[in-house]
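Letters A, B, ... are given to chains in the order of the sequence lines, protein chains preceding strands, and every chain is numbered from 1. What you see below is based on every heavy atom in this structure, not just the backbone, and it leaves out hydrogens, waters and symmetry mates.
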Protein chains: 2
Amino acid sequence: MSTQPAVECSIQRTLDLVGDRWTLLILRDLFRGVRRFSRIQEDLGIAKNLLTDRLGTLVDSDIVERVPYQDRPIRHEYRLTEKGRALSPALLALMRWGDQYVSGGLAPTELVHDDCGTRLELQPWCTTCNVPVVPTDISSRPGPGRHIGTEDTRA
Amino acid sequence: MSTQPAVECSIQRTLDLVGDRWTLLILRDLFRGVRRFSRIQEDLGIAKNLLTDRLGTLVDSDIVERVPYQDRPIRHEYRLTEKGRALSPALLALMRWGDQYVSGGLAPTELVHDDCGTRLELQPWCTTCNVPVVPTDISSRPGPGRHIGTEDTRA
DNA sequence: GTTAGTCGGTTGAAAATCGCAACTGACTCC
DNA sequence: GGAGTCAGTTGCGATTTTCAACCGACTAAC
């Protein structure tokens, strides 16, 4: 029955859920407040059957919930759950990378801190040392969720 | 000639480059030090023709470079460029999300700060206030790279 | 009370992409 | 000279995606 090798990597497990060509863009729209089927569909230019399928998967995965916004006729919109909202660092990281390396440093959209208006950065942060951490100061080790054997663990 | 609507979102621009089912996993392997064609291929189980194609795209995009590691016969390995290494926050964010929401809090692999061994977190950080920022304290605004019109900008 | 329009889909067929297996070329090692 | 490794390429069937048409429930216009 279970000849399936366990996936021992959270990146892969994550991408299995949201790593296709459309899903992260759908989530981006939901973050931006575009929550209705037809709005998402026209905004992304995704085929309707695919949007149906992807939203269904997201709902099944508890990343998105389908909530009615009117009766007669009953219509639903899609909202991020807490699990879905927790993807915001990932989307922010992808966005900041695109700002820097694809948009040539000119961000099409900036995300700012409400309190002070400063544009947000996203960095690995050491909660013990209370400092930002650059890739060369990172090592990996097996965690409680099962380990991966690698030769070189430096990021 | 140019009926193409300009893509006004760095997330989309980023996903156009690395947002298919395999590319981020290939990059993860490169971060882990798996740099050779056959190693990546057997590690991921990706078809060879696809791996050839994806690595070619990554090299064209200057995210990865192809460097010889021996002559006779000449063989190359693939290494992240600075642009590629800059994707580490994105991969880390996806990994941490998977740890928390897919792996049930049990990280298969932990990334730790070399200096102190603390597991790394990834958070939006306000460089002015010097505090971490949660999604509800984030707003968006049009940046110099062209704006997006939205109804609701709250993350 | 028919007609048109909106929203959130479903269905079916064509087109694009993917996965698999076989093959290749340059070399090494025995 | 034969087997093996590595980094691919090629061809083909299987899967996915795209595109267009259609549908049901309802509203609003005439």
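Each of B:F37 and B:N49 has a nearest nucleotide on DNA chain D; the 5'-most of these lies closest to B:F37. For the pair A:R75 and A:R54, nearest-nucleotide mapping onto DNA chain D gives the more 5' position to A:R54.
Only A:W22, listed by number, bring a heavy atom of residues 14-24 of chain A to less than 4.0 angstrom from any atom of DNA chain D. Listed by residue number, the members of residues 56-72 of chain A with any heavy atom below 4.0 angstrom from DNA chain C are A:R66, A:Y69.
Within the structure, side-chain hydrogen bond (donor to acceptor under 3.5 Å, both in side chains) contacts touching residues 67-76 of chain B (residues at least two apart or in different chains) are B:R66-B:H76. For residues 87-111 of chain B, the pairs satisfying salt bridge (Lys or Arg N to Asp or Glu O under 4.0 Å) are A:R141-B:E110, B:R96-B:D99, B:R96-B:E121, B:E110-B:R119, with sequence neighbours left out. Applying the ring-ring contact (aromatic ring centres under 6.0 Å, His included) rule to pairs touching residues 94-118 of chain A yields A:W97-A:Y101, sequence neighbours excluded. Pairs passing the salt bridge (Lys or Arg N to Asp or Glu O under 4.0 Å) check and including a residue from residues 42-53 of chain B, sequence neighbours excluded, read B:R28-B:D43, B:R32-B:D43, B:R39-B:E42.
Not a single salt bridge (charged side-chain N to carboxylate O under 4.0 Å, His left out) links B:R21 to another residue, sequence neighbours left out. Every residue was checked against the ring pair (Phe, Tyr, Trp, His ring centres under 6.0 Å) condition with A:F37, not counting sequence neighbours, and none meets it. For A:T52, there are no side-chain hydrogen bond (donor to acceptor under 3.5 Å, both in side chains) partners, not counting sequence neighbours. Listed by chain and residue number, nothing satisfies the side-chain hydrogen bond (donor to acceptor under 3.5 Å, both in side chains) test with B:D29 (two or more places apart in sequence, or in another chain).
Residues B:M95 and A:T14 are not in side-chain contact: their nearest non-hydrogen atoms beyond the backbone lie 4.5 Å or more apart.
First and last contacting nucleotides of DNA chain D toward chain A (any atom under 4.0 angstrom from a heavy atom, 5' to 3' order): D:dT17 to D:dT27. Here chain B contacts DNA chain C (any atom closer than 4.0 Å to a heavy atom, that is under 4.0 Å), and the contacts span C:dC18 to C:dT28 from 5' to 3'.
One side chain, A:S103 or B:S10, offers a donor N or O that lies under 3.5 Å from an acceptor on the other.
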